[in-house]
Amino acid sequence: MKKSKLSLFLAPALALMLTACGGGGGDTATEEPAPETGGDQATEQVETKTIRAGIGLNDAHPQYKGLLKFKEIVEEKTEGSIVVETYHSGQLGDDRTMTEGLQLGSQEVTIPSTAPIANFVPEFSVFDFPFLFPSEEVADTVLDGEVGQQFLDMLPEQNLVGLAYWENGFRDLTNSVRPVATVEDFKGLKIRTMENELHLDAFRALGANPTPMAFTELFAALQQRTVDGQENPYATIYLQKFHEVQDHVSNTHHIYSPFVFLMSKSFFDDLTEEQQQIVQEAAIEAGQYQRELNREANAQYLEDLQAEGMTYTEITPEAREEMVERIRPVLDEYAEKIGSDLVNQVYDAIEAAQQ
Ligand code: TK8
């Protein structure tokens, strides 16, 4: 099998990044007066469908504002024949539980990161390769193009439909032990990671002591010092108030994390063709809106984290290079597991997006 292009790929991506661094909730029939039919006022059964949409982040986060935009578009365009109920802060469970809920029919929409999705479709781990995407713009081009669609096409087998990619963002490290400026500083840190084998192996390669944990348990674990640190974009760190239980933040920018707007396939298949088109277009439009909000937020919140007393440490270019070198064997291993051809298609699309 062809070796992945990892070595050719990582250096330019790193250079660029250094400069850019920077369902079925139940159908209810309601009696609706039929449109004027001249004389007799016949009533027409209009079947209302309910989408129960749950996320793990709180209602201040751009992800929830994007979900409200989805609700607004869908309810307006279906004239209320589809109602969207929104739940935030893990009210319906953590990402894996909510994704299983889509498969089982207990809810219709959730929007997890690609990392937990890899537990259902292992190929999605490629999007969690550290230092894969050099910028948000390149990520948009690749994810919204043929290669991104190729991965979404793997979801229906799991009774899931991926309607769009949204944005979690570039992930940065926080901890309560020490400033992290070099790879040595990772040594022995108990870092919570998402429930994804690649994340665990990557942080082990950096010398940390990672532990997988659902996002819903994270704040308490940081507060009780069960773990020393975690990694998430600045918007999540600030809006989930991690600055209250973490002292140090570093601009590791080690992974660009996409969200995937997931819908239960059973629910999607039960929609009319017109309704399917409406929810598809609404997920894409709300996703564009959410990406914009997310980028504004991430630019602002690093400042706010420092204003809240966190110490900010820059990762030196040399340290980032060393992070790449330490992680390289892990990526080679996962490229073989996922399939080097598929991984090389992602690398090719990233290179093409930068021409
Ligand atoms: C929220 C999670 C979060 C993710 C994580 O439900 O688990 O750290 O980055 O956004 O999906």
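All residue numbers in this chain count up from 1 along the given sequence. First listed ligand is number 1; within each ligand, the first listed atom is number 1.
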Less than 6.0 angstrom separating the ring centers of F151 and F127, yes or no?
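Yes, they do, as the ring centres are separated by less than 6.0 Å.
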Test of ring centre spacing under 6.0 Å for Y234 and Y301:
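No, too far apart.
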Taking the six-membered ring for Trp, are F170 and H253 parallel (under 30°), tilted (30 to 60°) or perpendicular (over 60°)?
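F170 vs H253 ring planes: parallel.
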Within a 6.0 Å radius of atom NZ on K77, are there more than 12 heavy atoms belonging to other residues, nucleotides or ligands?
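No - once you tally the heavy atoms of other residues, nucleotides and ligands closer than 6.0 Å, there are 12 at most.
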Answer with yes or no whether the hydrophobic clustering places I111 together with Y87; edges join I, L, V, M, F, W, Y residues whose side-chain heavy atoms lie under 4.5 Å apart.
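Result: no, two separate clusters.
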Contacts table for ligand 1: protein N or O within a distance under 3.5 Å of ligand N or O, distances only.
| unit_1 | atom_1 | unit_2 | atom_2 | d |
| --- | --- | --- | --- | --- |
| ligand 1 | 6 (O) | D95 | OD1 | 3.1 |
| ligand 1 | 6 (O) | D95 | OD2 | 3.1 |
| ligand 1 | 7 (O) | R192 | NH2 | 2.9 |
| ligand 1 | 8 (O) | R171 | NH2 | 3.0 |
| ligand 1 | 8 (O) | R192 | NH1 | 2.7 |
| ligand 1 | 8 (O) | N232 | OD1 | 3.4 |
| ligand 1 | 8 (O) | N232 | ND2 | 2.8 |
| ligand 1 | 9 (O) | N168 | ND2 | 2.9 |
| ligand 1 | 9 (O) | R171 | NH1 | 3.0 |
| ligand 1 | 9 (O) | R171 | NH2 | 3.3 |
| ligand 1 | 9 (O) | N232 | OD1 | 2.7 |
| ligand 1 | 10 (O) | N168 | ND2 | 3.3 |
| ligand 1 | 11 (O) | D95 | OD2 | 2.7 |

Would you check if there is a donor-acceptor pair between the side chains of Q275 and S81 at a distance under 3.5 Å?
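A donor-acceptor contact under 3.5 Å links the two side chains.
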